[in-house]
Amino acid sequence: MTVRVRFAPSPTGYLHVGAARTALYNYLFARANDGTFILRSDDTDTARSTDEFQEDILEHMQWLGLEWDEGVARGGEHGSYRQSDRYGRYREVAHDLIADGSAYYSFATPDQLESFKQAAREAGTSPAYDGSLEPLDADIARLISDGESAVVRFRVPRPGETRFTDIVRDEMVFDHKQVDDFIILRSDGTPTYHLASTVDDVDYGITHVIRGEDLLSSTPKHILLAEAMDADPATYAHLSLLMGPDGKKLSKRHGDTAMSAYREAGLLPEAINNYLALLGWSLGDDEEIASISEMIGKFDLNSVSKNPAVFDPQKLEWLNGVYIRDMDDEEFVGRTLASVEDDLGRSLSGGERAQFDAIAPLVKERTKLLTEVADQVRFLFSDIDEYDEKSWAKVMDKPEGPVALDAAASVLSVLEPWTTEAIEGALRGMLESTGLNARKGFQPVRVAISGSTVSPPLFECLEILGKVETLARIARARSEMK
RNA sequence: GGCCCCGUCGUCUAGAGGCCUAGGACGCCGCCCUCUCAAGGCGGUAGCGUGGGUUCAAAUCCCAUCGGGGCUACCA
């Protein structure tokens, strides 16, 4: 049987990291098994679903490179893959279920239900609604024709239990005492998640449902529903949840959870995929770094970890740095040029572009986030607005400051040719004549040309900045000293 | 409250009875390299929640206990 899996987010929010991990695992499982990866939109919550969120999800799935074979915006033999387009189908299934006794119109009021639960809670028993509040059969037809408000509930067989083998959690058993007669059709005739999701899983031939553990307790409902439809239930795999540093389910409270925020922060999709894969799964052989294709080659749902994982932005950033350092210089330029120009508020001239190309390899080694690049190269393309205060105090306000600048200016002004090697030679010579050590002699020059004690390697910076500009900056810094 | 899941360094994990005086990675600390910052190299810090069993032998099996999490909507 061909593997068919789906990632079915509801567009009631942007794509967040936890969902992305679920998507990734579905994707890896599909690719590892020559299966089909489907993207579905579970948008039955019409009040909270928006096109904007839907768009955000699609966009970031693509950004991550998690291409789907069938589904939203791509099509396939099952239509639009949006549940809001299939209400007729869900209603049809619901009515079939009513017809064969698997479901029923329910007239229990919220107040009644509330006291039912309250009583169960006080008695220490299960609060799952068992249908016991319903009117006599004899009255039902009349209530319906009177237009009395009713929902449709699934009739959970009682007594009974549902067993299934979860790929990551092994044998699961749920006593039906714990499963309520859940609503499948709301009083306005729209389907609930349980119905729509299960009908789609059945109709679309989903073989494996890989989703978050928050749905583990709902699984008996889905299995019961599929069986009532005379279908074979899918095989389930429930992934542990992603946690914030406080151990609670990862949410907005913990900072950024929107994939867009990570993209804007300068994270690479490859690094994110790699990191997310590590959260709950391991590559084995003490390996941490793996491309998507390597992951596909090794992926095994059975070895996915059962325990919840705390999302650690620091490790993600480290991985991002690994990926950045691993890039070709041209690629690095290609992926950062726009943010540098954004920062400048203009595009780079041809000469400036050459300068950027020249410094790129040096900056690449020092970058963890793409967005940090602008900070590191800005000094090349614009005058120094103001020297970093701490840097100035640390090296310029010292006795060596003026000594170093004067000596540097004097050796550099007559230097030919203007190359990194020559510059280094001249400045090291300056060290000897002034008796300053490298730190004391070079740091003032660095601050003069870059505005900070932290910059890419000095000699290269000088070469790339150019002789005229270098001397001008040294002179200016010197003039600003007391 | 009820049901379910989970429990190895701060964090992610390896570990499927002896290979474990518990391995790797991030982080942190130190040293080296060094023109700053990174990167890199080397070294260090730190963990099997607890209590009982089973066994010649337990991180690995069993029980209990404690702790954390999830679900308990006409949300998904």
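Please read these numbers as outputs of a predicted model, since none were measured by experiment. Numbered from 1 within each chain, the chains take letters A, B, ... in sequence-line order.
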Rounding to the closest angstrom, what is the interatomic distance between [N] and [M] at atom [atom1]?
N	M	atom1	result
C56(B)	G24(B)	C1'	32 Å
A58(B)	U21(B)	P	12 Å
G30(B)	G67(B)	P	38 Å
U13(B)	C3(B)	P	28 Å
G10(B)	G1(B)	P	29 Å
G44(B)	A38(B)	P	23 Å
C20(B)	A57(B)	C1'	13 Å
C66(B)	G27(B)	C1'	29 Å

Side-chain-base donor-acceptor pair under 3.5 Å for Arg169(A) and C5(B):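 A donor-acceptor contact between them is absent.
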For [N], what is the paired nucleotide under Watson-Crick or G-U wobble rules, both distances under 3.5 Å?
N	result
A59(B)	none
C26(B)	G10(B)
C3(B)	G70(B)
A64(B)	U50(B)
A39(B)	none

Inspect the contact between [Y] and [X] and indicate whether a charged nitrogen and a carboxylate oxygen are less than 4.0 angstrom apart.
X	Y	result
Asp181(A)	Arg158(A)	yes
Asp300(A)	Lys298(A)	no
Lys306(A)	Asp166(A)	no
Arg82(A)	Asp51(A)	yes

Sub-4.5 Å side-chain heavy-atom contact between Gln54(A) and Ser41(A):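 The answer is yes, as the side chains (C-beta and beyond) meet within the 4.5 Å cut-off.
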Min side-chain heavy-atom separation Val363(A)-Phe332(A) under 4.5 Å: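 Yes; the side chains approach each other to less than 4.5 Å.
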In whole Å, I'd like the distance from the [atom1] atom of [X] to the [atom2] atom of [N].
X	N	atom1	atom2	result
Leu276(A)	U13(B)	CG	P	12 Å
Lys306(A)	G15(B)	NZ	C1'	14 Å
Asp200(A)	A76(B)	CG	C1'	14 Å
Phe311(A)	G27(B)	CZ	C1'	15 Å
Ile449(A)	U36(B)	CD1	C1'	11 Å
Glu317(A)	C28(B)	CD	P	11 Å
Asp375(A)	A38(B)	CG	P	15 Å
Tyr275(A)	G27(B)	OH	P	12 Å

With no hydrogens and no angle check, just 3.5 Å: does a side-chain donor-acceptor pair link [X] and [Y]?
X	Y	result
Arg446(A)	Gln443(A)	yes
Glu460(A)	Thr420(A)	no
Tyr90(A)	Asp200(A)	yes

When we call it a touch if two heavy atoms are under 4.0 Å apart, what does [X] touch: a base, just sugar-phosphate, or nothing?
X	answer
Pro456(A)	base
Gly321(A)	nothing
Thr453(A)	base
His194(A)	base
Ser455(A)	base

Proximal nucleotide (of A76(B), G2(B), U13(B)) relative to the Ser282(A) side chain: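 Side chain of Ser282(A) sits closest to U13(B).
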Selection from C35(B), A76(B), A39(B) that lies nearest to any side-chain heavy atom of Glu365(A):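 The answer is A39(B), which lies nearest to the side chain.
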Below 4.0 Å: OP1/OP2 of A38(B) and any side-chain N or O of Arg325(A):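 For A38(B), OP1/OP2 do not have a side-chain N/O of Arg325(A) under 4.0 Å.
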Sugar-phosphate or base contact per nucleotide [nucleotides 68-74 of chain B; S, B, -; heavy atom under 4.0 Å]: -BBS-SB
Where protein sits on nucleotides 21-26 of chain B, one letter per nucleotide: B base, S sugar-phosphate only, - none, heavy atoms under 4.0 Å: --BBBS
Close approaches to RNA chain B from residues 436-443 of chain A, in residue order (heavy atom, under 4.0 Å):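 Residues of residues 436-443 of chain A under 4.0 Å from RNA chain B: Ala438(A), Arg439(A), Phe442(A), Gln443(A).
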Aromatic rings [X] and [Y]: how do their planes relate, parallel, tilted or perpendicular, breaks at 30° and 60°?
X	Y	value
Phe154(A)	Phe182(A)	parallel
Tyr236(A)	His238(A)	parallel
His95(A)	Tyr105(A)	tilted
His222(A)	His194(A)	tilted

First encountered from the 5' end of RNA chain B, between Arg21(A) and Pro457(A):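 Closer to the 5' end of RNA chain B: Arg21(A).
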Centroid-centroid under 6.0 Å between Phe459(A) and Phe442(A) rings: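 Yes - the distance between ring centres of Phe459(A) and Phe442(A) falls below the 6.0 Å cut-off.
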